[in-house]
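Taking it in order: structure first as structure tokens, then the write-up.
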Amino acid sequence: MTRVPILYDPDCGFCRVCMASVLSWDRQRRLRPVPLGSEEADRLLAGMPEDERMASWHLIAPDGGVHSAGAAFPPLLRLLPRGGRLARLSARFPHASERGYRRVADRRSAFGSAIPGRIRRWADAVISGSAADGR
């Protein structure tokens, strides 16, 4: 099975902790983290303006479709163990998913500054381990 690229902001501590949490949940190794700004991310998001690329995280579906921000929750959650119920809930209430995502994303700097260094180091280790072992 081809792993699904999930693109994140590598310069954001909060984003890295979120990515590591998702990768930890992904016990079947279906996801592959890709940092925004990398050559691969630029290729995957080629038709998307730069400011839009950096405005949120993105999931690249097997059919090549790009799901971003709150709209990416249903396809992401469907890939995770026991995520089906949450995926259906998020799909049923897309405006709430987007609003929730935006509320958190707009405050990610404040959240990130509150994350202890040991948690950031854990997140970086999970992400780099995932990338190194082909996850």
Side-chain angles (χ1 to χ4, degrees):
M1 178 174 120
T2 302
R3 294 175 56 227
V4 175
I6 181 169
L7 289 70
Y8 70 99
D9 183 351
D11 297 325
C12 169
F14 179 75
C15 302
R16 293 193 320 266
V17 169
C18 290
M19 175 58 63
S21 299
V22 167
L23 292 172
S24 294
W25 186 358
D26 180 30
R27 293 185 300 273
Q28 295 172 332
R29 299 179 180 208
R30 293 180 170 176
L31 300 170
R32 185 169 52 82
V34 177
L36 286 167
S38 68
E39 286 182 30
E40 182 179 8
D42 291 346
R43 189 176 75 260
L44 291 168
L45 302 175
M48 184 181 288
E50 180 72 21
D51 60 330
E52 210 175 304
R53 291 179 193 187
M54 298 306 292
S56 70
W57 67 288
H58 312 278
L59 186 80
I60 310 299
D63 67 2
V66 178
H67 304 275
S68 302
F73 287 131
L76 170 66
L77 292 165
R78 283 187 209 103
L79 294 170
L80 298 171
R82 298 189 177 266
R85 216 176 257 176
L86 288 172
R88 287 188 297 278
L89 185 65
S90 182
R92 184 169 180 180
F93 300 102
H95 296 297
S97 295
E98 186 64 30
R99 277 194 311 270
Y101 173 81
R102 280 289 145 218
R103 280 201 162 157
V104 172
D106 290 347
R107 294 164 180 78
R108 66 187 183 156
S109 293
F111 291 137
S113 65
I115 296 172
R118 66 182 167 76
I119 302 296
R120 288 178 198 226
R121 287 188 296 278
W122 164 81
D124 293 340
V126 168
I127 293 167
S128 80
S130 177
D133 73 2
R135 275 188 75 190

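By convention here, the first residue in the shown sequence is residue 1. Everything quoted here is computed from the prediction, not taken from an experiment.
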Does any non-hydrogen side-chain atom of [Y] lie less than 4.5 Å from one of [X]?
| X | Y | answer |
| --- | --- | --- |
| R99 | R102 | no |
| C12 | F111 | no |
| L89 | L77 | no |
| S24 | V126 | yes |
| L44 | V66 | no |
| I127 | Y8 | yes |

**Request:** Mind jotting down which residue pairs meet the side chain to side chain donor-acceptor pair (under 3.5 Å) criterion with at least one end in residues 61-86? Sequence neighbours excluded, please.
**Result:**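 Listed once each, the pairs are H58-S68.
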With clusters defined by side-chain heavy atoms of hydrophobic residues (ILVMFWY) lying less than 4.5 Å apart, directly or transitively, does [Y] cluster with [X]?
| X | Y | result |
| --- | --- | --- |
| F73 | L59 | yes |
| V22 | L86 | yes |
| I6 | L79 | yes |

Over all atoms of both residues, closest heavy-atom pair of [X] and [Y]:
| X | Y | result |
| --- | --- | --- |
| E98 | A71 | OE1-N, 3.6 Å |
| L36 | M54 | CB-SD, 3.7 Å |
| V34 | E40 | CG2-OE1, 3.7 Å |
| P94 | A91 | CD-O, 3.4 Å |
| L23 | P33 | CD1-CG, 3.9 Å |
| W25 | G83 | CZ2-CA, 4.2 Å |

**Request:** Mind running side-chain contact (heavy atoms from CB on, under 4.5 Å) on I115 and R16 for me, showing each step along the way?
**Result:** CA-CA 11 Å; I115 296 172; R16 293 193 320 266; over 6 Å; no
**Asked** Under the salt bridge (charged side-chain N to carboxylate O under 4.0 Å, His left out) criterion, do E39 and R43 qualify, and how do the steps go?
**Response** CA-CA 6 Å; E39 286 182 30; R43 189 176 75 260; over 6 Å; no
Please confirm whether the backbone N or O of [Y] pairs with a side-chain atom of [X], one donor and one acceptor, at under 3.5 Å?
| X | Y | result |
| --- | --- | --- |
| R108 | V104 | no |
| S113 | A110 | yes |
| R53 | M48 | yes |

**Message:** Going by the rule side chain to side chain donor-acceptor pair (under 3.5 Å), which residues pair with S56 if we only count those two or more places apart in sequence or in a different chain?
**Reply:**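 Once residues adjacent in sequence are excluded, S56 has no partner under the side chain to side chain donor-acceptor pair (under 3.5 Å) criterion.
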In Å, rounded to the nearest 0.5 Å, how long is the span from [atom1] of [X] to [atom2] of [Y]?
| X | Y | atom1 | atom2 | answer |
| --- | --- | --- | --- | --- |
| L76 | D26 | CG | CG | 8.5 Å |
| L31 | M19 | CG | CE | 7.5 Å |
| D106 | Y101 | CG | OH | 8.5 Å |
| H95 | S97 | NE2 | OG | 10.0 Å |

